[in-house]
Amino acid sequence: MKDVTLVLQDGTTFKGKSFGYEKPVAGEVVFNTAMMGYPESLTDPSYAGQLMTLTYPLVGNYGVPPFKMEADGIATFMESDRIYASAIIVSDYSEAYSHWNACESLGDWLKREQVPGVTGIDTRQLTKVLREHGVMMGRLEFEGLENLGDLGSLESLDYSSINWVDKVSCKDIIRYNEGAGKKVVLVDCGVKHNIIRCLVRRGVEVIRVPWNYDYTDMQFDGLFLANGPGDPDRCVAAVEVLQKQMSASRKPICGICMGNQLLAKAGGATIYKLKYGHRSHNQPVREVGTNRCYVTSQNHGYAVDAATLGNDWRELFVNMNDGSNEGIRHLTNPWFSSQFHPEACSGPVDTEFMFDRFIETL
């Protein structure tokens, strides 16, 4: 196992060993506190451009399921068509795995998809650094590899300067469950496949369009805004199309994660970057106006500034840990969203009712 050094933007370094593909990479270093779900997290397009640190120490013990695609183009066990995270960083990689549905090890999968994996790093200490400083850029340097200069200096790298949504969104219109009753336009900002599964299971036709596609002249019954990576302020085109739709029609709109932020921006609110984001399976949220609390799965680095919401908008959910916004709703129109992931794959399924609420409005 080749020696690897993680170098953070503030100069902090961590030594580890390679168990994945060996190539230098740079990206935003983030941490996820979930205890399981690495196949789903690695294939979540919202991790594009990021070095994903898992705080739970034991990783890899249940291997990786087969990478199968169904006839409709939806992955059977993953959340997209490939790994989108730039690298994975763990404390203790388990080379031996055991699971009824596993077909290969995490390390073999990473090598096949040419994604670095690092083990032997004190991920608790790394997480403390990120919590105190905030997420920052970092790079992996491999012993014996000379092409480090291709990455540029960490000081010159800026995660938020890239439109990551444009990099991961589909380029053409894709239809699922064609011919079903109601039609839902899904704006693909980096959609997880379980969002599509949840909609299809509820008997609607899903029309998946690129993030900046003008869908306003299409025939549909509802609009769904998907999750995605990066800074929502880079998605000006998506917000402009959404504002055009909202000014012309009262058709139902639902958003998840990035979709929550785009809906808020279309309503006039502003977005800010969280210090270290929410990436876990255990974020508690409360539905505003009730005592109902839910355990949610989350993966985002930005949040809606609820104080900037227009008079026609209200918060729908709030985070019980830090008070940040977790969803919004319009006072009169059937427009609402969640910052968390109600499809939660992997993660708790407490809030999948959000899809039912959306379908009921169609």
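- No more than 12 heavy atoms of other residues, nucleotides or ligands shown are found within 6.0 angstrom of CE on M35.
- Within the 3.5 Å criterion, the main-chain N or O of P39 finds a donor-acceptor partner in the side chain of T43.
- Residues forming a side chain to side chain contact (heavy atoms under 4.5 Å, CB included) with D305 (at least two apart in sequence, or on another chain): T270, Y272, A307, T308.
- The two atoms that bring V64 and L106 nearest to each other are CG2-CA, 3.6 Å, heavy atoms only.
- By the 4.0 Å N-to-carboxylate-O rule, K192 lies too far from E40 to be salt-bridged with it.
- W211 and D166 form a side-chain donor-acceptor contact under 3.5 Å, judged by distance and modelled atom types alone.
- Put simply, the side chain of T127 gets close to the backbone of T123: a donor and an acceptor are under 3.5 Å apart.
- In this structure, N194 contributes its side chain and A344 its backbone to no donor-acceptor pair below 3.5 Å.
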Mind listing the side-chain donor-acceptor pairs of residues 18-31 below 3.5 Å, one per line with the distance, residues two or more places apart or on another chain?
from, atom 1, to, atom 2, distance (Å)
K23, NZ, Q114, O, 3.2
E28, OE1, Q50, NE2, 3.0
E28, OE2, K273, NZ, 2.6

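- A 4.5 Å side-chain heavy-atom check between M258 and Q261 finds at least one atom pair inside the cut-off.
- Side chain to side chain, D231 and S160 fail the donor-acceptor criterion of an N or O pair below 3.5 Å.
- Put simply, the side chain of D188 gets close to the backbone of C170: a donor and an acceptor are under 3.5 Å apart.
- More than 12 heavy-atom neighbours from other residues, nucleotides or ligands sit within 6.0 angstrom of NZ on K2.
- Neither side chain, N260 nor H300, offers a donor N or O lying under 3.5 Å from an acceptor on the other.
- Stacking of R357 on the aromatic ring of F355 is not recorded, the 6.0 Å distance cut-off and the 45° axial limit not both being met.
- When ring centroids are compared, Y38 and Y62 come within the 6.0 Å threshold.
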**Request:** Applying side chain to side chain donor-acceptor pair (under 3.5 Å), run through H278 and D322 and close with a yes or a no.
**Result:** CA-CA 10 Å; H278 298 154; D322 61 11; 2.8 Å; yes

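- Although no hydrogens or angles enter the test, the distance criterion places a donor-acceptor pair under 3.5 Å between the side chain of H281 and the main chain of S346.
- Not a single donor-acceptor pair under 3.5 Å links the side chain of R234 to the backbone N or O of G230.
- Under the 30°/60° scheme for interplanar angles, the aromatic rings of F340 and F317 are found to stand perpendicular.
- Within 6.0 Å of atom NZ in K171, more than 12 heavy atoms from other residues, nucleotides or ligands are found, so the atom counts as buried in its surroundings.
- If you check the side chains of N299 and D44, you find a donor sitting under 3.5 Å from an acceptor.
- Between R329 and E287 there is no salt bridge, since no side-chain nitrogen of the basic residue lies less than 4.0 Å from a carboxylate oxygen of the acidic one.
- No donor-acceptor distance shorter than 3.5 angstrom exists from the side chain of S297 to the backbone of G347, with no hydrogens or angles considered.
- Between R139 and E141 there is a salt bridge, since a side-chain N of the basic residue sits under 4.0 Å from a carboxylate O of the acidic one.
- A side-chain donor-acceptor contact under 3.5 Å links Q283 and N319.
- For K265 and D233, the salt-bridge test passes: some basic side-chain N is under 4.0 Å from an acidic carboxylate O.
- Taking the six-membered ring for Trp and the full ring otherwise, Y294 and F353 have centroids separated by under 6.0 Å.
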Run the side-chain donor-acceptor check on residues 245-256: report pairs under 3.5 Å with partners two or more places apart or on a different chain.
from, atom 1, to, atom 2, distance (Å)
S247, OG, Q243, O, 3.2
S247, OG, K244, O, 2.9
S249, OG, K251, N, 3.0
R250, NE, N333, OD1, 2.6
R250, NH2, T332, O, 2.9
R250, NH2, N333, OD1, 3.4
K251, NZ, F220, O, 2.9

**D221/K183 under salt bridge (Lys or Arg N to Asp or Glu O under 4.0 Å): CA gap, chis, key distance, verdict** = CA-CA 5 Å; D221 300 289; K183 289 181 170 59; over 6 Å; no

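- Just one residue in the list E70, E79, E343 forms a salt bridge (Lys or Arg N to Asp or Glu O under 4.0 Å) with R197, and that residue is E79.
- Checking side-chain atoms of K15 against main-chain N and O of I121 turns up no donor-acceptor pair under 3.5 Å.
- N177 and E205 form no side-chain donor-acceptor contact under 3.5 Å, judged by distance and modelled atom types alone.
- Looking at R314, its side chain does come within 3.5 Å of a backbone N or O of N311 through a donor-acceptor pair.
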